[in-house]
Amino acid sequence: MATHLRSDGTLELGGVSLESLTRGEEATPAYVYDVDAIRAEGRELIGAFEDQPHLVAYAVKANSAGPVVRALVEAGCGADVVSGAELMLALAAGVSPDKIVYSGVAKSDAELDLAVGAGPEGIGAVQIESAEEVERVAARARAAGRTCRVSLRVNPGVDADDLDTHAYITTGHDEAKFGVPLESIDAAVDAILARPELRLAGLASHVGSQLTSTDAYLVGARVLFDLAKAVRQKASLAFVDTGGGFGIDYGEGCPARPADFIRATRALQRERGLGDLALYCEPGRSMVAAHGVVLAKVLQRKVSSARRWLMIDAGMNDLMRPALYQALHRVVPLRAISGPTSAWRVVGPVCESSDDFGVHTLPDDPDLSHVALLDAGAYGYSMASRYNGRALPAEVFVSGGRVTGRTDRRPMSEWVEDRLAAGR
Ligand code: LLP
């Protein structure tokens, strides 16, 4: 949790009072990000590599706001992208093309063309996720008259039950659509080596997200490293990429810091005799989650004999994680309020039963006018939608103890005009 309680009982983020950001009719719901803390997060992780050649490819999907991506670029990060649009964004935000890896099971020809055509030599690596994709990437490189650096994303066949995370965000088991299954690796490597347009640069895997122990992370890394040793018998490799997935503490604990995951991975890499290869990772959540909150206004309360609901102006369209993954984000007042508290079920205005942020102990006092939903910097705004005709939330960027940028909520009329104009 990156918010800080001041001695006067008010909550701040990055030195800015959160209450001061709630003035005005359209001020909430709003995401607020501590850009300096995000930059520091990137630097701390990069520091863990010491003299090991590396790339921290920030997974842009977690939070693609310009100030956030630029801060991580300043820290020295590259980017892991999953669409042509994210690739364009990373390039425009100043990521050098060779520090970009592009994951994704089904890339369009237009997207592959962007990757192949970027910079003088294309991007750092197009991650090939199936044997079938090899010829598609080769064809786009051929059409552009270029060679394309690729890596093979391996599906290490890690059972989702072996990981301490939600099944929806595990990606390295044998039913997942992601990555080349172990039994097809040999054929896929041979297919790549047979294409003069392709250069095999590395092997990659990503087993899941919100892993809270380094042991869970190493389950996938171990399989990857064993494969890398075998593949090196016939092809030279420049890197191994152990993916993202470093967990954060949403309130239920996560003793491992991102740097701990890297230290553990480096130790294993050296032990397997692969210390000469660059180590890539693709963290998203751990760079940004704790450094963003959602501010919401309390619209009303509803009390029945059995339940107490606190209804706020942020809904599942603004922060989808609770509805989609039963995720719990702590909900806290923006200023300490004394007096009795109760267990309030915090819900939004969207017409869905899953528009529910869970039960939180909050003051009964009607003075509670606003709350913050914590640890919302990752997969928050980037997954927001306009369902129910709702405007996208505002975004506020804090740096150096002050607000350095903001995007207001769009007016209601914009959605109305957009929908009426559909098909015209
Ligand atoms: N690399 C690849 C290939 C990925 O698929 C992902 C995430 C990452 C890196 C970054 O993982 P991270 O470090 O953020 O765990 N929307 C979900 C998370 C989905 C993650 C999808 N892939 C959530 O809100 O929990």
Side-chain angles (χ1 to χ4, degrees), residues 38 41-42 45 55-64 68 72 77-83 86 90 100-107 124-130 151-156 158 160 163-173 176-180 202-214 216-217 220-221 224 241-250 252 254 256-259 261-262 265 280-292 294 316 318-329 373 375-385:
I38 290 170
E41 198 73 71
L45 180 58
L55 175 68
V56 173
Y58 166 60
V60 170
K61 65 168 97 65
N63 186 327
S64 30
V68 168
L72 287 165
C77 296
D80 166 47
V81 301
V82 291
S83 68
E86 283 191 1
I100 299 178
V101 295
Y102 183 176
S103 316
V105 291
K107 310 169 188 86
V126 172
Q127 312 247 44
I128 291 198
E129 300 228 13
S130 59
S151 57
L152 209 51
R153 176 165 172 196
V154 174
N155 182 327
V158 172
L163 303 174
D164 54 350
T165 190
H166 194 281
Y168 284 12
I169 51 178
T170 63
T171 47
H173 52 90
K177 65 180 175 177
F178 302 99
V180 179
L203 291 186
S205 79
H206 171 84
V207 292
S209 197
Q210 184 53 17
L211 306 175
T212 53
S213 78
T214 56
Y217 192 69
L224 183 76
D241 177 347
T242 44
F246 314 148
I248 71 129
D249 182 4
Y250 284 105
E252 284 152 357
C254 176
R257 294 277 305 142
F261 288 90
I262 288 307
T265 309
Y280 285 18
C281 64
E282 304 166 0
R285 181 192 319 270
S286 57
M287 298 293 96
V288 288
H291 310 300
V294 177
M316 62 184 278
D318 302 301
L319 178 62
M320 203 196 276
R321 303 193 66 256
L324 204 52
Y325 317 113
Q326 293 89 46
L328 195 68
H329 288 260
L373 287 80
D375 306 310
Y379 305 110
Y381 188 95
S382 63
M383 294 175 73
S385 80

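It should be emphasised that the depicted structure is a prediction, and the values quoted were computed from it without experimental measurement. Each ligand, and each atom within it, is numbered from 1 in the order the structure gives.
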**Message:** Can you confirm whether the side chains of S103 and R153 place a donor and an acceptor under 3.5 Å from each other?
**Reply:** no

**Prompt:** Is the backbone of S64 close enough, under 3.5 Å, to the side chain of Y381 for a donor and an acceptor to pair up by distance?
**Reply:** no

**Request:** Could you grab the distance from atom NE2 of H206 to atom CG of L211, nearest 0.5 Å is fine?
**Result:** 7.5 Å

**Asked** Do G245 and ligand 1 have an N or O pair less than 3.5 Å apart?
**Response** yes

**Message:** Considering E282, K61, M287 one by one, which has a heavy atom nearer to atom 4 (C) of ligand 1 than any of the others?
**Reply:** K61

**Request:** Decide whether an N or O pair under 3.5 Å exists between S209 and ligand 1.
**Result:** yes

**Message:** Measuring only between side-chain heavy atoms, which start at C-beta, is I262 closer than 4.5 Å to C281?
**Reply:** yes

**Asked** Can you say whether the rings of Y250 and H329 are parallel (under 30°), tilted (30 to 60°) or perpendicular (over 60°)?
**Response** perpendicular

**Request:** Tell me, please, which residues at least two apart from E41 pass salt bridge (Lys or Arg N to Asp or Glu O under 4.0 Å).
**Result:** R257

**Fill in**
The answer for which part of F178 has a heavy atom under 4.0 Å from ligand 1 is neither

**Asked** Where's the contact between R285 and ligand 1, heavy-atom distance under 4.0 Å: side chain, backbone, both or neither?
**Response** both

**Message:** Could you check whether T242 and Y217, counting side-chain N and O atoms only, form a donor-acceptor pair closer than 3.5 Å?
**Reply:** yes

**Prompt:** Taking both backbone and side-chain atoms of Y379, is any N or O found less than 3.5 Å from an N or O belonging to ligand 1?
**Reply:** yes

**Prompt:** Side chain, backbone, both or neither: which part of A59 comes within less than 4.0 Å of ligand 1 when only heavy atoms are counted?
**Reply:** side chain

**Location of contacts on D80 toward ligand 1, heavy atoms closer than 4.0 Å** = side chain

**Message:** Only heavy atoms of M383, strictly under 4.0 Å: list the atoms of ligand 1 that pass.
**Reply:** 16 (N)

**Request:** Would you please name every residue forming a salt bridge (Lys or Arg N to Asp or Glu O under 4.0 Å) with D318, sequence neighbours left out?
**Result:** R390

**Ligand-residue contact atoms, ligand 1 with G244, heavy atoms, under 4.0 Å** = 9 (C), 13 (O)

**Asked** Can you list the atoms of ligand 1 that are under 4.0 Å from a heavy atom of P283?
**Response** 13 (O)

